[in-house]
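The analysis underlying the following values was restricted to heavy atoms, covering all of them including side chains, and did not include hydrogens, waters or symmetry mates. Worth saying up front: this structure is predicted, and the values here are computed from it rather than measured.
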Number of protein chains: 2
Amino acid sequence: MSVQERKERERAARERLIVATARELAEEQGWDAVTTRRLAERIEYSQPVLYSHFRGKREIIGAVALEGATEMAAALRAAAPTADGPRARVVVLARTYLDFAERNPAVYDAMFQLDGGLAFAREDTPAPLKDAFAALLETLAEVAGDGVHPGVFTEVFWASLHGLATLTRAGRLPAEYAEGRLELLVDRLAVV
Amino acid sequence: MSVQERKERERAARERLIVATARELAEEQGWDAVTTRRLAERIEYSQPVLYSHFRGKREIIGAVALEGATEMAAALRAAAPTADGPRARVVVLARTYLDFAERNPAVYDAMFQLDGGLAFAREDTPAPLKDAFAALLETLAEVAGDGVHPGVFTEVFWASLHGLATLTRAGRLPAEYAEGRLELLVDRLAVV
DNA sequence: TCGATTGTCTAGCGGTGCTAGGATTCGAGG
DNA sequence: CCTCGAATCCTAGCACCGCTAGACAATCGA
């Protein structure tokens with residue numbers, strides 16, 4: 001019994017190693033550099049070992065995405081309540097979101113740009129993803145405005161943040177007015 | 001002289017064929033299916049011919065993006081003035097944008113999701129891209145609000161539309177409330 | 001008509017994600 | 001303690017990718 005348990009522990013540890021290494025490599029050199037060969041070499045196993053843990057590269061991306069979602073939810077929940085007043089809370093929330101995207105571009109890509117084979121906006125959506133959305137909603141609900149469904153409001157707010165995050169990082173928006181855009185977005189969207 | 005001109009015409013025609021075929025293939029089966037081999041086969045030339053027109057696959061994507069930007073600018077300029085009043089014009093503008101993204105997903109990806117090697121938000125940004133942004137700005141300037149830079153306002157509005165377009169298409173936002181989200185966005189962002 | 005230039009193709013390079021099948025290790029039962 | 005079966009892991013290879021060198025053929029000017 002104990003032997004089997006030890007093996008399972010080691011197996012789980014190796015799986016975490018794979019995900020952590022993939023994330024590391026992606027943050028260092030981008031997801032294009034995360035090939036099964038390089039990844040296998042870094043964890044000091046052969047390629048097929050990866051496929052005994054994940055169906056393929058897509059699932060590895062998905063695992064990184066879930067890890068990222070958990071962290072983002074925690075970051076949002078930790079940051080928002082530190083500010084006084086609804087508007088300030090929303091500003092902090094938005095800044096935290098954009099900050100997370102900027103500091104963890106590879107993880108953000110895994111979550112929202114790449115195909116990690118995860119279900120979104122459905123019942124079978126993985127809990128971390130639902131929870132990250134919930135974290136946004138908790139702060140945004142109080143500024144949705146009368147007669148506006150908080151969920152729909154959160155979707156719109158989230159989409160706007162996502163657009164700012166991706167277009168800014170891709171160099172499609174000038175980096176200089178980032179703060180001004182954030183303030184403008186909050187001032188217009190949030191009903192205080 | 002005339003021989004040389006004919007050759008140049010034929011060469012230009014072939015280049016258009018390449019771009020059109022790449023776009024076709026991408027809309028049919030996604031950009032992943034647009035390989036240099038398949039593309040070459042469709043235009044009935046060998047692979048190296050592609051490289052006598054473009055530096056590589058990236059530049060082909062860029063060419064599709066420019067074509068798309070021209071069309072999008074035209075669509076936006078054609079649609080917006082058909083509505084009465086600033087708010088209605090902005091709604092039509094937004095709907096046209098999202099419609100374009102939905103109807104031409106591959107072209108939209110070439111423009112804003114993939115790396116086509118194009119410069120954005122700079123002086124040397126290709127004219128079609130600048131023009132598409134200008135088309136947005138023309139309608140949005142009148143609802144930017146007092147003291148708000150129309151360019152910055154357009155950036156924010158564009159980012160929001162981009163977020164809605166990408167998240168909706170990736171299945172990360174439920175398709176059902178699309179119209180509601182659009183109305184909410186316009187109502188909040190636009191100052192009428 | 002001949003030489004040079006232009007155009008195009010065949011073949012191949014190093015890389016990708018993924019997998020079949022053989023070798024090796026390891027725990028369990030005699 | 002030893003042997004056997006099962007689980008584990010790796011080597012080698014598949015078909016495909018973007019891209020390019022170099023051979024070949026067609027065309028042009030002299």
Quiz item: What is the ring orientation for Tyr177(B) with His149(A), classed by angle as parallel under 30°, tilted 30 to 60°, or perpendicular over 60°?
Solution: parallel

Quiz item: Tell me: OH of Tyr45(A) to P of dT11(D), nearest whole Å?
Solution: 14 Å

Quiz prompt | From CA spacing to verdict: side chain to side chain donor-acceptor pair (under 3.5 Å), Tyr108(B), His162(B) | solution = CA-CA 10 Å; Tyr108(B) 192 84; His162(B) 177 68; 2.7 Å; yes

Quiz item: How many Å lie between NE2 on His53(A) and P on dA7(D), as a whole number?
Solution: 16 Å

Quiz prompt | Electrostatic pair Asp99(A)-Arg103(A), nearest N-O below 4.0 angstrom | solution = yes

Practice problem: Assign a letter to each nucleotide of nucleotides 14-20 of chain D from its 5' end: B, base within under 4.0 Å of a protein heavy atom; S, sugar-phosphate only; -, no contact. | Solution: ---BBBB

Practice problem: Would you kindly give the CZ-to-P distance between Arg11(A) and dC26(C), to the nearest whole Å? | Solution: 17 Å

Quiz prompt | N-O pairing of Asp84(A) and Arg89(A) below 4.0 Å | solution = no

Exercise. List the steps, then state whether ring-ring contact (aromatic ring centres under 6.0 Å, His included) holds for Phe112(B) with Trp158(B).
Key: CA-CA 11 Å; Phe112(B) 302 130; Trp158(B) 172 40; 5.4 Å; yes

Quiz item: Does Arg77(B) pair with Asp131(B) as a salt bridge, N-O distance under 4.0 Å?
Solution: yes

Self-check item: Selection: residues 17-29 of chain B, any non-hydrogen atom under 4.0 Å of DNA chain C
Solution: none

Quiz item: OP1 or OP2 of dC9(D) less than 4.0 angstrom from a side-chain nitrogen or oxygen of Arg14(A), does that happen here?
Solution: yes

Quiz prompt | Atom-pair distance (CD on Glu44(A); C1' on dT8(D)), nearest Å | solution = 18 Å

Quiz item: Any ion pair linking Asp109(A) and Arg169(A) (charged N to carboxylate O, less than 4.0 Å)?
Solution: yes

Practice problem: Please determine if Arg23(A) and Glu71(A) form a salt bridge, counting it only when a charged side-chain N lies under 4.0 Å from a carboxylate O. | Solution: yes

Practice problem: Specify the separation, in whole Å, of atom CD1 of Ile43(B) and atom C1' of dC9(C). | Solution: 13 Å

Quiz item: Rounded to the nearest Å, what distance is computed from the CD atom of residue Glu41(A) to the P atom of nucleotide dG17(C)?
Solution: 13 Å

